[in-house]
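One structure below.
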Amino acid sequence: MILEKYDVAIIGGGSAGLAALRQLSKLGKQAILLEAGTKVGSKNISGGILYSKKPKKGQVTNVDELYENFLEDAPFERKITKYILHSTSKDKEYSMDLTEAHDYQANFGCSVLMTKLNSWFAHQAVESAEKIGGGIIPGVHVKSITWNEGKAIIQTDELDEFEVKAIIAADGVNSEVAEMVEARSKFNPTQLYQGVKVIVKLPEEIIEERFGVSSDEGAAHLFAGDITLNHIGGGFLYTNRDTLSLGAVYHYDSLIRNPIEPYALIDVLIKNPLVSEFVRDVIPIKKEIDKSLPQEEQLRIRFGVAKLIKTWKEFRESSLSPSGRQSLINSGKYKTNESIQERLSIIEKQMAEKFDVTFGTDYVETEYGAKLVPDGKRCKMEKPFFKNILFVGDAAGRGVFVGPRIEGLNVGIDDGVRAANAVARSLDKNDFSESFMGEYYSQLIEESPYTLDMKQIDKDYLKIFLDAAKDVPKDIIGSRYGPILKMMSSGTFRGIAVKFANILGYDKLLPMIESENTYVKVPIQLAERLGATVSSTYSPTIPSIADRIAKLNYNDDHHSHIKVLNSESEFMKKIVTLCPAKCYSEEGGKVVIQHEGCVDCGTCSQETEWKHPRGEKGIHYQYG
């Protein structure tokens, strides 16, 4: 059989893989990108904030350099102009403004939804890729990689096998490529975070009024204290254009030590009075239908109510958005903003008079998702290559997570460009060996300012954080940390202390920095002693995990992509609790899996034979 041959295969259509495709195309090199989802972006989920950086030392490739029209045309959500950390304890809340830390070495940081954004990236990348014989192939899952005379032979579940000279592996934190070729072992719980997230609907102008931002601004809010339920991590809320990204990110090993349902950490965040007020909205309340009415009449009422409520939701959303109002005026049906408001009032009157619909306060949750996140300080690949395969972004265990500094997307994009540059050099020299391509890529990665951030404390960033915390009473920090904080706050001693800390290394410092004291106890004391009282005007109606899963879009695969290796292990028994989609149960002392509802997060991968679903199968996010 004659094999199809390509220069380069990129496996994974997230932002890192798409960056590699874009850069290779710019360099005139042929590459194909294989994506498991029905369309690019549908498998991706992030918190998330995408940064453009300006490091003090070294250079990175930013999103707005790779995609020159990014700021003008890309569907990012909002530029984040406020960055606030909240310490919580019951109805008490204490805030610290960390906007200066967010702005540190940044051109900008913007909130993003990955389904929309990666689809745009793909459109930009594929235009130039197709001109030189490359492109994007969606709905494809790679199942094996072998070698023949130095060339890689890729087998998928959907296509005939084909040959490539080089591979860029951008298949995420649960990289099957890394596992199948034994480039690295699976990441373990001490090296990972588990993140869960919900999308909350909220009209555009309500977001702007509530969070004190203009139409081209956004806010990020982080949470620590009692909302952690004694786990190491915290919550986040990012403003999008007309939604909020609300989530919880926790050290996976902290969850292993003290198992709790991941969605419970979202629920407790929503119940916090400050957060519940952030997410609240007006909702229609339907009257119970009289069961004594004929069945046909009940159906007529049910259909009429649903149709009118749908009309009200869509019209209200448009009326609370400048672009939405302009679209209504452009349609010719409405001449002024006042006429739009009059129409909304008429719809509400019809709802009340025809169907006894009233209005109340609650929040509107539209999508639930989860993923694992690599902690670059602990799990970055020291050798991010194997034979003619280069690993980028999450697949290489790379990300910057230092206190409130959370960066993964920009790291992956920069990695993708570096990998593309290394592959292009090898194509020019026809040398794809580890000693030529792999070592060169490793050198490029080592030169990345992000790599340095994964290794060392930045004293200037630390100063910004300490300045923001200058009003924190030292006795709250405690006898163990008080003297350290005092020394770090001194300009004279800070440089010496940071140098000493960097000599010790992150592995010695992390148990001290990332502790229950830092994420739970100190924030609780701050809130109780210095915080203001916050009250909520309603009690949010929180969906069950079954209701959340039922809303998601799946294409179920009758082939199992997960096999439990030891159904009686202590780890798997904890997974019954820790699986974000509640896919596991314990029966007779043995753990069993029910695949329906799996969100492909990989939480269980440590002790399972775990694969991504076949092409076009599994979860497909609407927002991501």
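Just so you know, residue 1 is the first one in the sequence shown, and it goes up from there.
For the residue pair Gln194/Thr603, the side-chain donor-acceptor check at 3.5 Å is satisfied. A donor-acceptor contact under 3.5 angstrom links the side chains of Asn69 and Gln124, judged on distance only. Inspection of the Glu439 and Gln443 side chains reveals no N or O donor paired with an N or O acceptor under 3.5 Å. Side chains of Asn148 and Glu163: a donor-acceptor N/O pair is absent below 3.5 angstrom, by distance only.
Under the 4.0 Å criterion applied to side-chain N and carboxylate O atoms, Arg398 and Asp394 are not assigned as salt-bridge partners. Taking the charged nitrogens against the carboxylate oxygens, Glu68 and Lys26 do have a contact shorter than 4.0 Å, which makes a salt bridge. A salt bridge does not link Lys429 to Asp431: none of the charged nitrogens lies less than 4.0 Å from a carboxylate oxygen.
Summarising the local packing, NZ of Lys56 is surrounded by more than 12 heavy atoms from other residues, nucleotides or ligands at distances under 6.0 Å. The local environment of CD in Gln155 is crowded, with over 12 non-hydrogen atoms from other residues, nucleotides or ligands closer than 6.0 Å.
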Report all side-chain donor-acceptor pairs from residues 571-578 shorter than 3.5 Å, counting only partners two or more places apart or in another chain.
{"unit_1": "Lys574", "atom_1": "NZ", "unit_2": "Ile256", "atom_2": "O", "d": "3.1"}

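The ring of Tyr6 has its center closer than 6.0 angstrom to the ring center of Phe162. Between His620 and Tyr554, the distance from one ring center to the other does not fall under 6.0 angstrom. Checked against a 6.0 Å centroid threshold, the rings of Tyr51 and His102 count as neighbours. Checked against the 6.0 Å centroid threshold, Tyr252 and Phe187 do not count as a close aromatic pair. Between Phe385 and Tyr441, the ring centre distance reaches or exceeds 6.0 Å.
Listed here is the closest heavy atom pair of Glu158 and Gly615: OE2-N, 2.8 Å. Residues Gly12 and Leu33 approach most closely at O-CD1, 3.7 Å, considering heavy atoms. Of all non-hydrogen atoms in Asp415 and Gly393, the two that sit nearest each other are OD2-N, 3.1 Å. Here the shortest heavy-atom pairing between Asp600 and Gly618 reads OD2-CA, 4.2 Å. Summarising the geometry of Ala169 relative to Ile389, their closest heavy-atom pair is CB-CG2, 4.0 Å, with the distance given to 0.1 Å. Pairing each heavy atom of Lys186 with each of Trp610, the nearest pair is NZ-N, 4.5 Å.
The side-chain hydrogen bond (donor to acceptor under 3.5 Å, both in side chains) search around Glu176 returns His141, His612, not counting sequence neighbours. Legend: residues meeting side-chain hydrogen bond (donor to acceptor under 3.5 Å, both in side chains) with Glu407, ordered by chain and number and at least two apart, are Lys53, Arg405, Asn410.
Taking the six-membered ring where the residue is Trp, His231 and Tyr250 present perpendicular rings, their angle passing 60° and hence far from 30°.
Distance alone, capped at 3.5 Å, places no donor-acceptor pair between the Glu77 side chain and the Ser111 backbone.
Remark: of the listed residues Lys611, Lys617, Arg614, Arg614 is the sole one forming a salt bridge (charged side-chain N to carboxylate O under 4.0 Å, His left out) with Asp557.
Glu35 contributes atom CD, which lies 12.0 Å from atom CG of Leu21 (distance to the nearest 0.5 angstrom).
For the pair Arg425 and Tyr440, the cation-pi criterion (under 6.0 Å, within 45° of the ring axis) is fulfilled.
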